[in-house]
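Counting convention: from 1, in listed order, for ligands and their atoms alike. Just so you know, residue 1 is the first one in the sequence shown, and it goes up from there. Excluded from the calculations below are hydrogen atoms, water molecules and symmetry mates; all remaining heavy atoms, backbone and side chain alike, are included.
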Amino acid sequence: MRSGLTRRPTAVYTRAMTRRFKVAVVGATGLVGREMLRTLEERAFPVSEIVPLASPRSAGMLVRFAGADVEVQPVSEAAFEGVEVALFSAGAGPSREWCPVAAKAGALVVDNSSAWRMDPDVPLCVPEVNLDAARTRPKGIIANPNCSTIQLVVALKPLHDAAKITRIFVATYQAVSGAGAGAVASLEAQQRQLAAGQPIERGALPGILAGNLLMSWKVDPATLYQEEELKMIYETRKIFGDDTIRVSPTTVRVPVVNGHSEAVTIETERAISPEQARALLALAPGVELMDDFAQGIYPQPRDASGKDAVLVGRIRDDLGRAPGAHGLSLWIVGDNLRKGAALNAVQIAEGLLLGR
Ligand SMILES: NC(=O)c1ccc[n+]([C@@H]2O[C@H](COP(=O)([O-])OP(=O)(O)OC[C@H]3O[C@@H](n4cnc5c(N)ncnc54)[C@H](OP(=O)(O)O)[C@@H]3O)[C@@H](O)[C@H]2O)c1
């Protein structure tokens, strides 16, 4: 039996108050799904009934929500009856199949997978940047961007508004929790094997990550870009509503459990100084400045893990920019399970249904 999950009789969380919503979490036994349950609870999202759904493998298991054990059901058409909000984090295949079913049942659907992100009839939303885009949803589905893209656009939005970003160079240092619960368990096993001098087994990982780095996302044979990199290019453009932004990403998996980091350099149309950028970012929604590098202060994954805010530091002039060109370098760190997935999805529902 997996940690945090037990088998016991059903319990349902209901509370009769003003406007409350029946909420389904699809993928409720996964890393993002469990973070969604925590996030709904912590932010006191008005839930009348929670419906945790997963694959048939998890049927009968229990997840905790609002002080009760709630039984996980296998996803099915009947499970969406009366559901008003459906938050999906079960992978692209199940999302392709079940998001339209949930939308047809009348639910506001927010999907974390890559299934719908580039569909022109599906808004791709980060509330700090483009909540209004989510108000028009021809398919009844709203897509949550890739975790690396979310933290990037949250931090860059105020700089884009002030100076118009024309180009983004980004290298990511992505935590293993971004690849799901199985990948986290496999890294922990690999680290034990490494320390014991034993042969290292891949487990659920595509290679050896303990003491190593991997670039193991699916490769597009035409461009030799990893799919994760292409997501950062096209999702950034869609969210900013600007197809002219040029994005040059390299995505890397690092042996960190949680919290993605990004080394970013931007070119801008108009001049912007590090001081101006700091002043803008200090006031930006969803951003926390951690920028006193001379004193050794800069964001680290351990700082970001468990936090809502995207942390930004190391803001500096880009010494490599061409004469007459404008640009800055910065370091952006965020909790990929939280703002990179669960929190962003819950914020979309809050923005649309509660006006928060
Ligand atoms: N991890 C991140 O930082 C992150 C960030 C942004 C987006 N996402 C996206 O969120 C999704 C989930 O990621 P995760 O990290 O939470 O993965 P995970 O820990 O592996 O969890 C996967 C979840 O999906 C469920 N599931 C798998 N196949 C299913 C099916 N056929 N029908 C119904 N449920 C099914 C699993 O249920 P069982 O337990 O029954 O197998 C489990 O609850 C993925 O699409 C991922 O790309 C993840």
Side-chain angles (χ1 to χ4, degrees), residues 1-5 7 24-39 51-63 70-77 79-80 86-99 101-102 110-117 124-126 142-153 172-187 203-205 217-218 227-228 231-232 235 251 253-254 256-261 301 304-306 310 333-348:
M1 198 171 297
R2 279 167 284 182
S3 60
L5 299 170
R7 278 183 199 276
V25 173
V26 186
T29 54
L31 286 186
V32 174
R34 280 184 269 173
E35 193 68 38
M36 278 174 173
L37 294 169
R38 259 193 302 276
T39 304
V51 183
L53 303 174
S55 81
R57 293 181 291 274
S58 301
M61 288 181 170
L62 297 180
V63 290
V70 189
E71 190 170 319
V72 176
Q73 304 171 41
V75 65
S76 69
E77 191 170 348
F80 292 109
L87 306 177
F88 277 75
S89 63
S95 286
R96 259 182 231 110
E97 182 176 357
W98 294 108
C99 287
V101 176
V110 185
D111 180 38
N112 266 282
S113 81
S114 59
W116 302 98
R117 290 180 190 148
L124 185 62
C125 179
V126 177
I142 299 157
N144 229 35
N146 176 273
C147 39
S148 304
T149 308
I150 292 179
Q151 67 183 61
L152 182 75
V153 298
T172 69
Y173 304 71
Q174 296 183 219
V176 72
S177 63
V184 173
S186 296
L187 174 63
L205 285 165
W217 287 272
K218 198 170 164 204
E227 280 187 353
E228 188 83 349
K231 287 175 192 171
M232 293 192 78
E235 292 181 19
T251 58
R253 181 81 66 201
V254 298
V256 165
V257 173
N258 194 44
H260 287 357
S261 305
S305 196
V310 171
V333 184
D335 185 329
N336 48 289
L337 293 175
R338 224 171 153 84
K339 183 58 189 167
L343 172 64
N344 198 72
V346 172
Q347 283 175 316
I348 291 170

Next on the checklist: Over 60° means perpendicular and under 30° means parallel, so tell me whether Phe80 and Trp98 are parallel, tilted or perpendicular.
Outcome noted: tilted
As an exercise, identify every atom of ligand 1 less than 4.0 angstrom from a heavy atom of [X].
X	result
Ala54	33 (C), 34 (N), 37 (O), 40 (O)
Gly91	11 (C), 44 (C), 45 (O)
Gly340	5 (C), 6 (C)
Ser58	38 (P), 39 (O), 40 (O)
Arg57	27 (C), 28 (N), 41 (O)
Thr29	36 (C), 37 (O), 38 (P), 39 (O), 40 (O), 42 (C), 43 (O)
Ala181	18 (P), 19 (O), 20 (O)
Gly180	15 (O), 17 (O), 18 (P), 19 (O), 20 (O)

Next on the checklist: Can you confirm whether the side chains of Asn144 and Asp111 place a donor and an acceptor under 3.5 Å from each other?
Outcome noted: no
With backbone taken as N, CA, C and O and side chain as the heavy atoms from C-beta onward, which portion of [X] lies under 4.0 Å from ligand 1: side chain, backbone, both, or neither?
X	result
Pro94	side chain
Pro56	neither
Asn336	both

Checklist outcome for this item: Tightest non-hydrogen contact, residues Ala92 and Ala115, listed as O-CB, 3.6 Å
Item to check | Nearest-0.5 Å distance that lies between atom OG1 in Thr172 and atom CD in Glu228 | outcome: 7.0 Å
Item to check | Among Gln151, Lys339, Arg338, the one residue meeting side chain to side chain donor-acceptor pair (under 3.5 Å) with Asn344 | outcome: Lys339
Please report whether ligand 1 has a polar contact with [X], defined as an N or O pair separated by less than 3.5 Å (distance criterion only).
X	value
Gly182	no
Ala92	no
Gly27	yes
Leu31	yes
Val32	yes

Next on the checklist: Looking at Ala175, is its backbone amide N or carbonyl O close enough to the side chain of His260 to form a donor-acceptor pair, meaning the two atoms are under 3.5 Å apart?
Outcome noted: yes
Checklist entry - Are the side chains of Val72 and Leu53 in touch, meaning some heavy atoms are under 4.5 Å apart? => result no
Next on the checklist: Using the rule side-chain contact (heavy atoms from CB on, under 4.5 Å), only one of Val184, Leu187, Val32 pairs with Ser177; which is it?
Outcome noted: Val184
Item to check | Stepwise side-chain hydrogen bond (donor to acceptor under 3.5 Å, both in side chains) test for Gln174 and Asn336 | outcome: CA-CA 9 Å; Gln174 296 183 219; Asn336 48 289; over 6 Å; no
